Amino acid sequence: MKRLIQIRSSALLVEILPEVGGKIGQIRSTISGREYLVPPQKPYCTISPEGDWLQHDTSGMDDCFPNVAAGMYPDAPWSSVHLPDLGEWTHGVWEVIKTDIREVTMERKGAALPYRAVKTVRFLEEETLEFSYRVSNQWRFPMRFLWSAHPLIAVQGEYEVILPAGRSRLRTFPSDGVTHTWPMWKSIDLSREWIPSGTTLKVFVSDLSEGWCALRQPTHTLHFTFDGDKLPAMGIWFNNFGFPTGGGTNLRCIALEPCTSGSDLLDELNPAAYPFIPAEGSVHWSMRLRILPHDDGSTYTQEHKR
């Protein structure tokens, strides 16, 4: 059994697995027992740097860094380096350097690239978690990177994806060559209508007027907030029993993914669309998640957005 750390407030219990890529295994209500993330589909195990994430448990909430989709690093002097699917952070072990009942801090070194990362998960309020990150470049060349949250949120039926008011653009990944206006795609209102059963769809939404997004279900809402300058894009993955493939129990879930760039690839966009860690410098960013139960049938309101 891999080491499992729990942090808790009066409202939430969070399970963290340092030896499984630092994954958030589950977030659970301490009052109702409701689980908000997809539960494990396979036994937890440490994935080696050469391992395939898709062949292991894909549940819970991961962090993708310094890439999302597998591929070669695009810049010298690391252009011969291959980066795994969902990035290095989902592979290997994070070392726990601090933990108490409401907070855990972990660190790790890069396997293929020369960096040091520190990740802290803590409660700011009883219903609010903060995920904060600092990455130091330990070499004399700038380092291009992606970061994306990857929470697989369990969704049984009715849902609503809520984004800030405004005219946001939407494109699919891989690209279908068309720029759409959120939330419409092929006559489907992605904010509340499921894609066809047995399929998945990844989209990126840009031009958000504010740094937040939310997923409402009949009993609760997950509300993410973030700095729109550091996390200017929003990836959304819709899975209507189309994943996993090749055996196993297919899932229905939605992933809201605040991210640093509107692509899962490090070389698809103009280089200016990606953040860089300065030579021998560091970068930091954070994201907050507030989980609001409304078992009395109340709806998501402006009050909940604060």
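Since the model is a prediction, treat every value here as computed from it, not as a measurement. Here, residue 1 is the first one in the sequence, and each next residue gets the next number.
- Ring centers of H223 and W212: under 6.0 Å apart, within the cut-off.
- Of the charged side-chain nitrogens involved, none lies within less than 4.0 Å of a carboxylate oxygen, so that R3 and E19 do not count as a salt-bridged pair.
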Item checked: Intermediate values then yes/no, side chain to side chain contact (heavy atoms under 4.5 Å, CB included), V178 and T172 -> CA-CA 8 Å; V178 179; T172 63; over 6 Å; no

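- Here OG1 of T105 is found 6.0 Å from NZ of K98. Values are rounded to the nearest 0.5 Å.
- Between R108 and E95, none of the side-chain N atoms (NZ, or NE/NH1/NH2) sits under 4.0 Å from a carboxylate O, so this pair counts as no salt bridge.
- At least one donor-acceptor pair under 3.5 Å links the side chain of T260 to the backbone N or O of W147.
- Judged by the 6.0 Å and 45° rule, R144 forms a cation-pi pair with Y274.
- Cation-pi geometry between R134 and W285 is not satisfied (NZ or CZ under 6.0 Å from the ring centre, within 45° of the ring normal).
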Next item on the list: Determine, stepwise, if the pair S29 / Y36 fulfils side chain to side chain contact (heavy atoms under 4.5 Å, CB included).
Entry: CA-CA 8 Å; S29 168; Y36 298 108; 3.5 Å; yes

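- Going from atom SG of C213 over to atom CD1 of I162 covers 10.0 Å, rounded to the nearest 0.5 Å.
- In this structure, OG in S261 is found 10.5 Å from CD in E268, a value given to the nearest 0.5 Å.
- The SG atom of C259 lies 7.5 Å from the CG atom of D264; values are rounded to the nearest 0.5 Å.
- Rounding to the nearest 0.5 Å places CE of M234 at 10.0 Å from OG of S168.
- The main-chain N or O of S136 is never found under 3.5 Å from a side-chain atom of Q138 such that the two would form a donor-acceptor pair.
- Ring geometry for W237 against H150 counts as parallel: the plane angle stays under 30°, on a 0 to 90° scale with 60° as the upper cut.
- Under the 4.5 Å side-chain contact rule for hydrophobic residues, I153 and L231 share a cluster.
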Donor-acceptor pairs are to be reported for all side-chain atoms of residues 180-188 against protein atoms at under 3.5 Å, with residues two or more places apart or in another chain.
{"residue": "H180", "atom": "NE2", "partner": "D176", "partner atom": "OD2", "Å": "3.0"}

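- Salt bridge annotation for E107-K119: absent, with no cationic side-chain nitrogen under 4.0 angstrom from a carboxylate oxygen.
- Formation of a donor-acceptor pair under 3.5 Å by the D227 side chain with backbone atoms of S286 is not found in this model.
- Remark: the backbone N or O of E193 is not paired with any side-chain donor or acceptor of D189 at under 3.5 angstrom.
- Side chain of S79 to backbone of A76: no donor-acceptor contact under 3.5 angstrom is found.
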Next item on the list: Would you check, one step at a time, whether the test ring pair (Phe, Tyr, Trp, His ring centres under 6.0 Å) holds for Y133 with H284?
Entry: CA-CA 5 Å; Y133 309 85; H284 61 89; over 10 Å; no

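- To the nearest 0.5 Å, atom CZ of residue F226 and atom CG of residue L208 are 6.0 Å apart.
- Ion pairing between D207 and R167 fails under the 4.0 Å rule for side-chain N and carboxylate O.
- The aromatic rings of F145 and F65 are tilted relative to each other, their planes meeting at an angle between 30° and 60°.
- Ring geometry for F141 versus W78: interplanar angle over 60°, hence perpendicular rather than tilted (30 to 60°).
- The main-chain N or O of S59 is found under 3.5 Å from a side-chain atom of K23 such that the two form a donor-acceptor pair.
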Can you give each donor-acceptor pair under 3.5 Å made by side-chain atoms of residues 10-18, sequence neighbours left out, with the distance rounded to 0.1 Å?
{"residue": "S10", "atom": "OG", "partner": "E126", "partner atom": "OE1", "Å": "2.7"}
{"residue": "E15", "atom": "OE2", "partner": "R28", "partner atom": "NH1", "Å": "3.0"}

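- Two residues are said to be in side-chain contact when any heavy atoms from C-beta on lie closer than 4.5 Å; V121 and I24 meet this criterion.
- The closest side-chain heavy-atom distance from V203 to L190 is below 4.5 Å.
- With hydrogens and angles ignored, the 3.5 Å screen pairs no side-chain donor or acceptor of Y44 with any backbone N or O of H56.
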Distance-only donor-acceptor hits, side chain of residues 81-89, under 3.5 Å, sequence neighbours excluded:
{"residue": "E88", "atom": "OE1", "partner": "A111", "partner atom": "N", "Å": "3.2"}
{"residue": "E88", "atom": "OE1", "partner": "Y115", "partner atom": "OH", "Å": "2.6"}
{"residue": "E88", "atom": "OE2", "partner": "A112", "partner atom": "N", "Å": "2.5"}
{"residue": "W89", "atom": "NE1", "partner": "Y115", "partner atom": "OH", "Å": "3.3"}

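- Between R192 and E158 there is no salt bridge, since no side-chain N of the basic residue sits under 4.0 Å from a carboxylate O of the acidic one.
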